4 protein chains.
Amino acid sequence: MSSDPRTAILDAAGEIFVRYGFKKASVEDIARKAGVGKGSIYLHFESKEALFEACARKGHAEALADLKEMVRSRPTPTEQLRAYIHYCIRPQCWSPTGQRIELATLVEIGEQAKQLIPGMVVEETDILTAVLEKGIAAGEFSVAEPRQVARGLVELMYCVGIESTTREPEAQRQRALEACFEVWLQGLSVARSPKG
Amino acid sequence: MSSDPRTAILDAAGEIFVRYGFKKASVEDIARKAGVGKGSIYLHFESKEALFEACARKGHAEALADLKEMVRSRPTPTEQLRAYIHYCIRPQCWSPTGQRIELATLVEIGEQAKQLIPGMVVEETDILTAVLEKGIAAGEFSVAEPRQVARGLVELMYCVGIESTTREPEAQRQRALEACFEVWLQGLSVARSPKG
Amino acid sequence: MSSDPRTAILDAAGEIFVRYGFKKASVEDIARKAGVGKGSIYLHFESKEALFEACARKGHAEALADLKEMVRSRPTPTEQLRAYIHYCIRPQCWSPTGQRIELATLVEIGEQAKQLIPGMVVEETDILTAVLEKGIAAGEFSVAEPRQVARGLVELMYCVGIESTTREPEAQRQRALEACFEVWLQGLSVARSPKG
Amino acid sequence: MSSDPRTAILDAAGEIFVRYGFKKASVEDIARKAGVGKGSIYLHFESKEALFEACARKGHAEALADLKEMVRSRPTPTEQLRAYIHYCIRPQCWSPTGQRIELATLVEIGEQAKQLIPGMVVEETDILTAVLEKGIAAGEFSVAEPRQVARGLVELMYCVGIESTTREPEAQRQRALEACFEVWLQGLSVARSPKG
DNA sequence: AATGAATGAGGATTCATTCAT
DNA sequence: TATGAATGAATCCTCATTCAT
């Protein structure tokens, strides 16, 4: 796909890891999908685990950049959060590009790669906390503990990402999650006229 | 623990699968923890995958029974939902009893066991939909698509369960999720006087 | 060959290691020769290196027992030494039984197994030193530093053992070594008319 | 070291082969030590085995030249033999220059390179036989089969060389071998009262 | 029913060799 | 001539599954 073998390997590994998880993903499969020889992978990555870690870092970096862009381009805090949620929920996010595998298969890998998670969570939490606080300042939200809530949302999005790798993308499921998070967005709003 | 070998194996398998995931969990470890010979496992279960499936079914059945009990014993729909959420979030739920492994490690296993999920989701969704509808009928909730929202919540709880197996139980994380879901519960409430 | 698999593996490993050296010897070859499955080897030995070490210990133990028996059964110190030398030189010693592989392929293996050598050398040196000292006491030998000489002989025999594994057993070579060591035995003899 | 790449490769290969043995020595290590690209080795040598063979030939040629020089420069046959023995025993002989790797790692390599040994043995044997015969003619030695004895000594020296590569140079060991060979030199001496 | 020794397919990793530049 | 990225065969080891006892 890419003429740069390192990138080709990284892309292929993202897909395979997301689809099969760490243990079941075989280096041979990754090599085949990347269109390189099995040994070539070891020219670019120390080990299978190092390759996974690189995938995770890359996925996280991309997700973070996207998040920043979304915050920048949406008019209101509510829209910013909705964009983030939909971004994380939508199935395309996970499969083909391999974005956000970060956690997807951490289920199985060693302690080393798990160390990455807390840092990733903090980075996204910081951004979302700022969004919430801006919404509070603007009188749009009423939230007692914005940092806690932001972190909770990040954790949920990570969870969703994990499970999304385990199942076929399914329209029903996505719609259900969207409906559920609309309720959550409602819960943020400060003033609400009686629904009626 | 149990003198019934089948139960002992099932219990042991639950713990090991939850801790290590499907591929990394070895039949030998399960046998050792169950206090039986490795070969004995195959007297009771067709294969490792069948054993996993049995664990998943058992975990689901237990979770479902607990859910029904919670609905029965809590006074209001809001309390019923909060109980369900806290039940799913609290770390004890996952580790020692092995409950709710259902999805925990489905990340890696074959198509066969994945087939279980939709049915499980439907069962929990049915119950929660009833709770929501009761809340709507009582004028406590205002939700446009209760079934969608219920299903979304179930999906989220499954996701949370998965990730809970991948990380150390951490008080911070749990509190963040609780705060996040309080917002969600707020979002359900129908009548809201203008705040202030 | 043997119905005890551990012994069969040990015997097979001895032959293969002696013939091919540590690295070139493959676990699969050893398994095939032993008539067991590849995996069975790991039931009895931690790793390839551990298997090698076990071979080395076994070979050394057998060689030591034989040495003691030779010392016991030969009438004079000279005969005892000659028996030891011939024993070490004769080609049968090395190939089929796998005796004395101890050092044969230590050429290539890790530090761990090399640690075994000094102890082995000391054990044989002790015995041969006693033989030399008995010869001196009996007025049969005249040797200034019996322990040094004994150790030197042991070292030589180890060397011979190594090379013996690298070449076809060859009658010529054996005879040459015998002739050479007859000179050495001569050199031990005490009575020598004043040189001129 | 040398600006001639072929020589640089040969020198580097000598050191690496001696230190690690044939299989464990990697072409990449040799290339790095020689300061050339990995592929360049194949411009000068057909294969790893051919490179090893060239090393062996070179080592043997150097050892043979040294032997001739020693014979030329020492006054008596006894001194000539002692010089040869000490030359072969001394640890410097083996490590840095890579001399006499000839056999050092033949343990592991294929039949092709093993074919070199007999010729090498014959060449050294010829020289040492001449030394012994000169000693006999001079009334200094009494040896029944000088050629056999000479060959035996050569074989021993090869063996010593092999094992020297496997162990740390150790003063104790060297002294023991020296003491042992002094006994052997004694055994060559002509005048000896009749045994008995 | 219960065992655990035995199996062998499968997977990560290494490295001699090739070849496009 | 020189390079080093790329290859894939070869190897050690793991582990689900079988089967003789």
Side-chain angles (χ1 to χ4, degrees), chain A residues 4-6 8-9 20 22-32 34-52, chain B residues 4-6 8-9 22-32 34-52, chain C residues 4-6 8-9 22-32 34-52, chain D residues 4-6 9 22-32 34-52:
Chain A
D4 171 25
R6 203 192 129 91
I9 291 166
Y20 296 108
F22 180 74
K23 276 219 80 169
K24 233 172 139 180
S26 86
V27 173
E28 186 150 15
D29 288 343
I30 294 170
R32 184 163 31 247
V36 302
K38 205 179 355 164
S40 304
I41 288 180
Y42 291 87
L43 291 178
H44 299 283
F45 302 94
E46 190 85 13
S47 65
K48 187 186 178 187
E49 183 148 355
L51 173 57
F52 178 82
Chain B
D4 170 24
R6 192 174 193 282
I9 291 166
F22 181 74
K23 275 221 80 169
K24 245 171 125 175
S26 85
V27 174
E28 184 147 18
D29 287 343
I30 293 169
R32 182 162 34 246
V36 303
K38 204 179 359 166
S40 304
I41 288 179
Y42 290 86
L43 294 177
H44 299 283
F45 302 93
E46 189 82 15
S47 65
K48 187 187 179 185
E49 183 146 357
L51 173 56
F52 179 83
Chain C
D4 170 26
R6 203 192 130 92
I9 291 167
F22 179 74
K23 276 218 79 170
K24 234 173 135 179
S26 86
V27 172
E28 186 150 15
D29 288 343
I30 292 169
R32 185 163 29 248
V36 302
K38 204 181 354 165
S40 304
I41 289 181
Y42 292 87
L43 292 178
H44 299 283
F45 302 94
E46 189 85 13
S47 65
K48 188 186 177 187
E49 183 146 357
L51 173 57
F52 178 81
Chain D
D4 171 24
R6 192 175 194 280
I9 292 166
F22 180 74
K23 274 221 81 168
K24 247 171 123 175
S26 84
V27 173
E28 184 148 18
D29 287 344
I30 293 170
R32 183 162 33 245
V36 302
K38 205 180 358 167
S40 306
I41 287 179
Y42 290 86
L43 294 177
H44 299 283
F45 301 93
E46 189 82 15
S47 65
K48 188 187 179 186
E49 182 147 357
L51 172 57
F52 178 82

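So that the names make sense, note that chain A is the first sequence line, chain B the second, and so on, each numbered from 1. Worth saying up front: this structure is predicted, and the values here are computed from it rather than measured. Note: hydrogens, waters and symmetry copies are ignored here, and every other heavy atom, side chains too, is used.
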Considering all heavy atoms, the nearest B/Ala34-B/Ala8 contact: CB-O, 3.7 Å
CD1-CD distance between D/Ile41 and D/Glu46, expressed to the nearest 0.5 angstrom: 14.0 Å
Atom pair CZ/NZ of D/Phe22 and C/Lys24 - distance to nearest 0.5 Å: 7.5 Å
Nearest heavy atoms of D/Lys48 and D/Ala25, plus distance in Å: NZ-O, 2.8 Å
Criterion side-chain contact (heavy atoms from CB on, under 4.5 Å) on D/Ile9 and D/Arg6, from CA distance to verdict: CA-CA 5 Å; D/Ile9 292 166; D/Arg6 192 175 194 280; 5.8 Å; no
Rounded distance in Å - CZ (A/Phe45) to P (E/dA12): 15 Å
Contact state string [nucleotides 12-21 of chain F, B base, S sugar-phosphate only, - no protein heavy atom under 4.0 Å]: SBB-SBB---
Presence of B/His44 side-chain N/O under 4.0 Å of E/dA2 phosphate oxygens OP1/OP2: yes
Nucleotide F/dT11, atom C1' - distance to CD1 of C/Ile41 in whole Å: 13 Å
Interatomic distance, A/Leu43 CG vs F/dG4 C1' [rounded to whole Å]: 9 Å
Structure string for DNA chain F in dot-bracket form, Watson-Crick and G-U at under 3.5 Å, | interchain: .||||||||||||||||||||
Criterion side-chain contact (heavy atoms from CB on, under 4.5 Å) on C/Val27 and C/Leu51, from CA distance to verdict: CA-CA 10 Å; C/Val27 172; C/Leu51 173 57; over 6 Å; no
Straight-line distance of D/Ser26 OG to D/Arg32 CZ, nearest 0.5 Å: 7.0 Å
